[in-house]
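Have a look at the structure below before the remarks.
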Amino acid sequence: MKPIPFNKPFIIGRELSLIADAVTRGHLSGDGYYTKLCNSWFEEKLHCHKALLTHSCTAALEMSAILCDLQPGDEVILPSYTFVSTANAFALRGAVTVFVDIRPDTLNIDEKLIEAAITPRTRAIVPVHYAGVPCEMDTIMDIAQRHKLLVVEDAAQALLSTYKGKALGTIGHFGCLSFHETKNIISGEGGALLINDMRFIERAEVIREKGTNRSQFFRGEVDKYTWVDIGSSYLPSELVSAFLYAQLERADEITAQRCRLCSAYAEQLAPLEHAGKLRLPRFDADSNGHMFYMLLDSLATRTALISHLKAQGIYPVFHYVPLHSSPAGRKYGRVSGNMQVTDELNERLLRLPLHYEMNDADVARISAAIRDFF
Ligand SMILES: *Cc1c(COP(=O)(O)O)cnc(C)c1O
């Protein structure tokens with residue numbers, strides 16, 4: 001039987017012709033025609049003040065960490081159940097990453113535990129919208145305001161998800177998006193920094209342009225450009241931006257297809273959930289169909305189910321090794337409170353194949369194989 005990979009990068013329409021057009025335009029480094037089109041797309045579609053395309057979400061997180069002006073020993077609060085970059089970007093600035101446990105229902109940071117993690121050194125909170133499902137942003141923004149903290153949304157998985165009508169990534173001071181090939185909208189590697197507080201725009205442009213005021217120079221605001229601050233090269237090439245723009249043009253369609261596949265999984269697997277064999281993710285109209293996972297009863301069941309599925313050419317995956325127990329997490333971070341939910345759930349979570357080119361028959365085949373296992 002045809003293998004069903006966990007993920008498959010896809011082309012939806014004009015990707016290759018827009019790359020050819022970028023070449024014809026004679027500008028392939030950063031901030032050309034397509035990068036500007038992408039930035040405007042985010043600003044209009046998501047209603048954010050300023051969007052800056054980057055070469056990855058990791059880059060956007062690193063820019064946020066510089067913008068937070070962290071001093072060595074400052075603290076940043078984040079979940080342990082997340083991708084490495086959420087923490088690494090802040091550790092790079094000498095900050096201590098303070099890990100907080102997650103909620104058992106959404107696997108997002110437990111907002112009720114954040115306040116207990118705050119110390120006089122705390123500077124920022126980094127909520128991660130796991131699986132594109134929103135964190136409790138009202139509570140988090142309220143805590144941040146009362147303690148004068150900055151909020152960096154890791155919205156890597158959350159493009160086109162909303163919280164109370166607002167696009168994820170546009171609620172905190174900064175929002176970081178990813179277009180890595182495993183995300184909903186892709187450009188191979190890619191990302192964007194959304195800046196929702198105008199005070200940070202000018203410095204963000206400098207940081208992204210190797211610490212120079214080149215953006216102001218191109219706008220004619222200064223007559224020469226020079227080194228003015230720390231920074232790095234965080235711009236994507238126009239080749240990447242052209243590919244991305246072709247996907248953004250069809251972003252609603254891509255998102256709808258993923259949501260459809262998630263609903264099909266939910267329907268097919270509901271009987272197993274009712275029978276108490278597994279737990280399915282919470283799905284609301286406000287999320288973007290980024291991920292379909294199951295929570296099984298134990299690590300042993302997960303291991304056995306993976307072998308069962310692989311034998312039939314179906315390739316599920318799991319993640320993350322909780323950061324608080326990873327070698328670098330122990331070195332650069334500490335926990336606040338206990339990590340009970342994180343430690344328990346990470347061993348039981350299994351992600352099912354989900355990508356744009358899958359269809360209902362694939363979902364039916366995978367679901368049947370899972371029912372067969374139980
Ligand atoms: C994918 C992901 C990242 C990193 O994105 P890149 O674009 O690969 O740098 C960061 N955080 C989370 C939660 C992610 O899922």
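Remember, predicted model here, so these are calculated numbers, not experimental data. Both ligands and their constituent atoms are indexed starting at 1 by order of listing.
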>> Less than 4.0 angstrom from a charged side-chain N to a carboxylate O is my criterion; do Arg260 and Asp360 meet it?
In response: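 Counted as a salt bridge, because a side-chain N and a carboxylate O are separated by less than 4.0 Å.
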> Which atom pair, heavy atoms only, marks the closest approach of Thr97 to Ala87?
Replying inline: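 Between these two residues, the closest heavy atoms are CG2-O, 3.6 Å.
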>> Under the rule for side chain to side chain contact (heavy atoms under 4.5 Å, CB included), what residues qualify as partners of Leu299, not counting sequence neighbours?
In response: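 Applying side chain to side chain contact (heavy atoms under 4.5 Å, CB included) to Leu299 gives Arg302, Thr303, Glu347.
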> Is there a donor-acceptor contact under 3.5 Å linking the side chains of Ser178 and Gln157?
Replying inline: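 No pair is found: no donor N or O on one side chain lies under 3.5 Å from an acceptor on the other.
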> Who pairs with Phe218 by ring-ring contact (aromatic ring centres under 6.0 Å, His included), at least two apart in sequence or on another chain?
Replying inline: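 Applying ring-ring contact (aromatic ring centres under 6.0 Å, His included) to Phe218 gives none.
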> Listed by chain and number, what are the ring-ring contact (aromatic ring centres under 6.0 Å, His included) partners of Phe243, not counting sequence neighbours?
Replying inline: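 Counting only residues at least two positions away or on another chain, Phe243 forms no ring-ring contact (aromatic ring centres under 6.0 Å, His included).
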Distances for all N or O pairs of ligand 1 and the protein under 3.5 Å?
from: ligand 1; atom 1: 5 (O); to: Ser178; atom 2: OG; distance (Å): 3.3
from: ligand 1; atom 1: 7 (O); to: Cys57; atom 2: N; distance (Å): 2.9
from: ligand 1; atom 1: 7 (O); to: Ser178; atom 2: OG; distance (Å): 2.7
from: ligand 1; atom 1: 9 (O); to: Cys57; atom 2: N; distance (Å): 3.3
from: ligand 1; atom 1: 9 (O); to: Thr58; atom 2: N; distance (Å): 2.8
from: ligand 1; atom 1: 9 (O); to: Thr58; atom 2: OG1; distance (Å): 2.5
from: ligand 1; atom 1: 11 (N); to: Asp154; atom 2: OD1; distance (Å): 3.3
from: ligand 1; atom 1: 11 (N); to: Asp154; atom 2: OD2; distance (Å): 2.8
from: ligand 1; atom 1: 15 (O); to: Gln157; atom 2: NE2; distance (Å): 2.9
from: ligand 1; atom 1: 15 (O); to: Lys183; atom 2: NZ; distance (Å): 3.3

